[in-house]
Chemist: 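Mind looking over this structure? Questions follow.
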Amino acid sequence: MPMLEATGISKAFGGLAAVSKVDISVNEGEILGLIGPNGAGKTTLFNLISGAIQMDSGTAVFEGKRISGMKPYQICRLGIGRSFQAAKNFDGMPVHQNVLMGALFGKKGQSAANASKIVDEVLDFVNLNELRDKMVHDIPLASQKRLEVARALATRPKLLLLDEMMAGLNPSEVGEAMELVTKIRDSGITIIMIEHVMKAIMKICDRIVVLHHGAKIAEGAPQEIAANKTVIEVYLGEC
Amino acid sequence: MIYKFNFRKDVQYIVVAAVVIFFAFVPLFGSTYTLTLSSTIMMYIVMSLSWSMFSGPTGYISLASGAFVGLGFYASGFLSSSLPLPMLMLVGGLVSFALAAIIGAVTLRLRGVYFTIFTFCLVELVKAVMTWYEIMIVRKRGLNVRNFGTDTAFYAMLVMVAITLIVVVVIKRSRFGMALTGIGESEDAASHIGIHTTRTKVFGFAISAFLMGTVGAVRATMLHHIDPGSSFNMMFSFLPVLMCVFGGMKTFLGPIIGAAVFAILQYNLITEMPQIYMIIFGAIMILAILFMPTGIVGVYERVINRIKKGKSKKGGTDDANA
Amino acid sequence: MSTVVNIVIYGVIMGGVYGLIAMGLTLQYGVGKILNVSHGEFLMLSAMTSCTLVKAGLHPLLSFLICLPAAFIIGFIINITIYRYLRKVSKDEATFESNAMLMSFGLYFILANIGLKIWGTLSKSYQYYSYPVKILGATIAVNRLIILAIAIIFIVAFFIFLNKTRIGKSIRATSQSTTAAAMMGVKINRTMAICFGTGGLLAAAAGVLIGMALSPTAQVGLSNTVIALIVVVLGGMGSIPGAVLGGLLIGLVGQAVSFIDSSLVMVANYLMVLILLLLRPKGLLGR
């Protein structure tokens, strides 16, 4: 049984279908890539799964529990973490406190001592330990993106939704981000990632889903996707 | 939380505690005028502290203070003949708490600007309901309130200042306070790391309403007679905002300093030239937002930091963002 | 029957005036993200000035020519001074939005008390076509009908201004996306200042109309701001047609409820918006 199974998810904004009848599932231990041109509905799909907005129709089931209709905080506590495309860190707090927030609130009844232990672990894991006392706006973009991930990791998720964590990074930073993603997977966390950096997607994903105009147009292993005619037409052809 | 003592930050709490203790002795030597002025200052301190407790970290600007203070007024108006002062305060607080919880539950789900509009209209609404009640049901304008004596009112206010200070400090250091701050910094991120944002906001708003309701109840006993116009007064809604903007709403001392300054200004100016006083209010408000976004406390910290710059680099305080 | 006609006619008249006020408010918010709590004070200052001028011998319609340009200029200047500076020093849109609103409280204090200082708390009024006529069995003062006619003229003129003129189009573009409009060559700062000024002008127009028949005092500002806010939330924040529709609705409901008990109008308005927000948070015509 897949870890997360969403069937027939649809969402329209003012009559315009942003996501229509999308089926998506991810197996435990997998890295699933989610690609598609701008406006294809990728982030909307993340918002629907994580409960930021409610779906018009369809269901999402996570580890046997129906999560459609739940609030974001409930979904988070069940074990789905997410990062945001435009970094949404707590700008008024230092780096370590950003992570602490995730650790404290991510699981119900987390003790303070336990939470600060998680902070140390996570900061180590994502290599942000040297910047731990800096304020968010004093650290570079690549680190801010890592902090997004760190905050989500601190909630101790089983499934992590990563929204364009490589956008705006230079090639060497992209390499580091790729390493981080594989490292997260190796630590036992399943991942769905939205990404425009093709090189990264093709290399680290086990499976890829392609969205176009809100609908799923292809699904398969990276090589299959790279060879798929429709995909090349709507997406890769653009590059 | 694990907390490290930090002299520069914690000395302010000690100073404030000392001032509160000193105030306890004022009735021994102060005149009635001093006592009334002090009671007003203390009422404003409670109002601005409890306002900043919620609106400071979350950024949701509430203009309902006038409604909560007014409910406190009327709790005393209805019950002062039969209940002792602490009970009046409790009732005033609880009614305000309940109203805030209802309004918050509906409007705090929406964007901040809706919340402000609704709280703004709430004062007029409660005033309208109360006026209707007096005209149509009891057919008598206003209510008389029992006076418990200047000293009693003074000590009641002092107790509320102490309680409010404790509540503010405890919340600031608690998980609940962190959740409020998280909501203000980035509500989306907060909800996705497991914070029940709506419940946190509603509860925070209701606690601040409770505190305002209690001081409203005390205030009414100092006035002998109340009516909807004097109770549900828009000025009570604007004042805490102004005091906090002037003093610095994200700091601990800012709301206290702002409240003291404006209470004293008000006492000295309002009887002789009320309009001029209000125009000065407005001008201060605009200038404070433009030129001291972190309030007078922020300005002070910046000056101190500049003086210390030779010794060490700029500290980790967040005086750059308001 | 005549009661219903009365309620409808008076409701539409008040609706037109409310629509005018709310259009100004929603324009200032929709384009410049300034929730202007001092909006009603523009109305008050204009109503009182107009009454004073008419008492001194000016024709009521001519007072438009003084109050409207004055309100526009004051709004324009306020925008290019304090609001432009605030926009420059704000770190992001959300900070600007909340500080802009706080600053309008300051403006409210200043403008409201200038009014009180000049005129005190007594009401002003003058006689202008104040004799009644009968329409469908209802008795209506002629000046109310004039108010309605002028309000409609202003609303229609404003729609034409937004849709047909170059500056109107740039206003609509800016309200959609400031960044995109700037890239298309719209002068953002100037557009915003014009919007703020126009908002003040619309409030001033409503002010002159109120002066014609409703004996304003220097204290009418705040209550009109409250009504405008309710209308704007009802119609959808930033939506100009929404403001007109919301104005009509609030006007009609207000007249209907005040036929039962005038002190319950505010309660009815508030409950209406509260219920609407639960069902449709964007307002009737909100995007």
Chemist: Sort by residue number and list every residue of residues 45-60 of chain B having at least one heavy atom under 4.5 Å from chain A.
Modeler: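 When heavy atoms of chain A are the reference, residues 45-60 of chain B contributes no residue within the under-4.5 Å range.
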
Chemist: Is chain B contacted by the side chain of A/Ala52, its backbone, both, or neither, given a heavy-atom distance below 4.5 Å?
Modeler: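 Answer is both: backbone and side chain atoms of A/Ala52 are under 4.5 Å from chain B.
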
Chemist: Taking the side chain as everything from C-beta on, heavy atoms only, tell me whether B/Arg175 gets closer than 4.5 Å to A/Phe105.
Modeler: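 Yes, their side chains come closer than 4.5 Å.
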
Chemist: Considering residues, nucleotides and ligands other than A/Gln54, do more than 12 of their heavy atoms fall under 6.0 Å from its CD?
Modeler: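 Count over threshold, so yes.
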
Chemist: Answer yes or no: does atom NZ of B/Lys172 have more than 12 heavy-atom neighbours from other residues, nucleotides or ligands under 6.0 Å?
Modeler: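 Yes - once you tally the heavy atoms of other residues, nucleotides and ligands closer than 6.0 Å, there are more than 12.
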
Chemist: Just how far is it from atom CD1 of B/Ile193 to atom CG of A/Leu100, taken to the nearest 0.5 Å?
Modeler: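 If I round to the nearest 0.5 Å, the distance is 9.0 Å.
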
Chemist: Between OG of B/Ser186 and CE of A/Met101, what distance do you get to the nearest 0.5 Å?
Modeler: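 Atom-to-atom, B/Ser186:OG and A/Met101:CE are 9.5 Å apart.
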
Chemist: More than 12 heavy atoms of other residues, nucleotides or ligands under 6.0 Å from CZ of B/Phe203: is that the case?
Modeler: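 It does not: B/Phe203 CZ has 12 such atoms or fewer within range.
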
Chemist: Using a 6.0 Å cut-off, check whether atom CD of A/Glu130 has over 12 heavy atoms from anything other than its own residue.
Modeler: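 Result for CD/A/Glu130: open.
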
Chemist: Could you tell me which residues in residues 74-90 of chain A have at least one non-hydrogen atom under 4.5 Å from a non-hydrogen atom of chain B, sorted by residue number?
Modeler: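 The stretch touches chain B at A/Cys76, A/Arg77, A/Arg82, A/Phe84, A/Lys88, A/Asn89, A/Phe90.
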
Chemist: I'd like to verify something: which residue of A/Gln110, A/Gln97, A/Lys134 has the highest number of heavy-atom pairs under 4.5 Å with chain B?
Modeler: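 Heavy-atom pair counts peak at A/Gln110.
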
Chemist: Please classify the contact between B/Thr198 and chain A as side chain, backbone, both or neither, with a heavy-atom cut-off of under 4.5 Å.
Modeler: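 Contact with chain A is absent: no heavy atom of B/Thr198 under 4.5 Å.
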
Chemist: Test of understanding: with side chain to side chain contact (heavy atoms under 4.5 Å, CB included), list the residues that count as partners of B/Leu287, not counting sequence neighbours.
Modeler: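 B/Phe291.
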
Chemist: Which donor-acceptor pairs under 3.5 Å do the side chains of residues 56-67 of chain A make with protein atoms, sequence neighbours left out?
Modeler:
from    : atom 1 : to       : atom 2 : distance (Å)
A/Asp56 : OD2    : A/Ala12  : N      : 2.8
A/Thr59 : OG1    : A/Thr7   : OG1    : 3.1
A/Glu63 : OE1    : A/Lys158 : NZ     : 2.9

Chemist: Closest heavy-atom contact between A/Gly92 and B/Glu185?
Modeler: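 Reported closest heavy-atom pair: N-OE1, 2.8 Å.
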
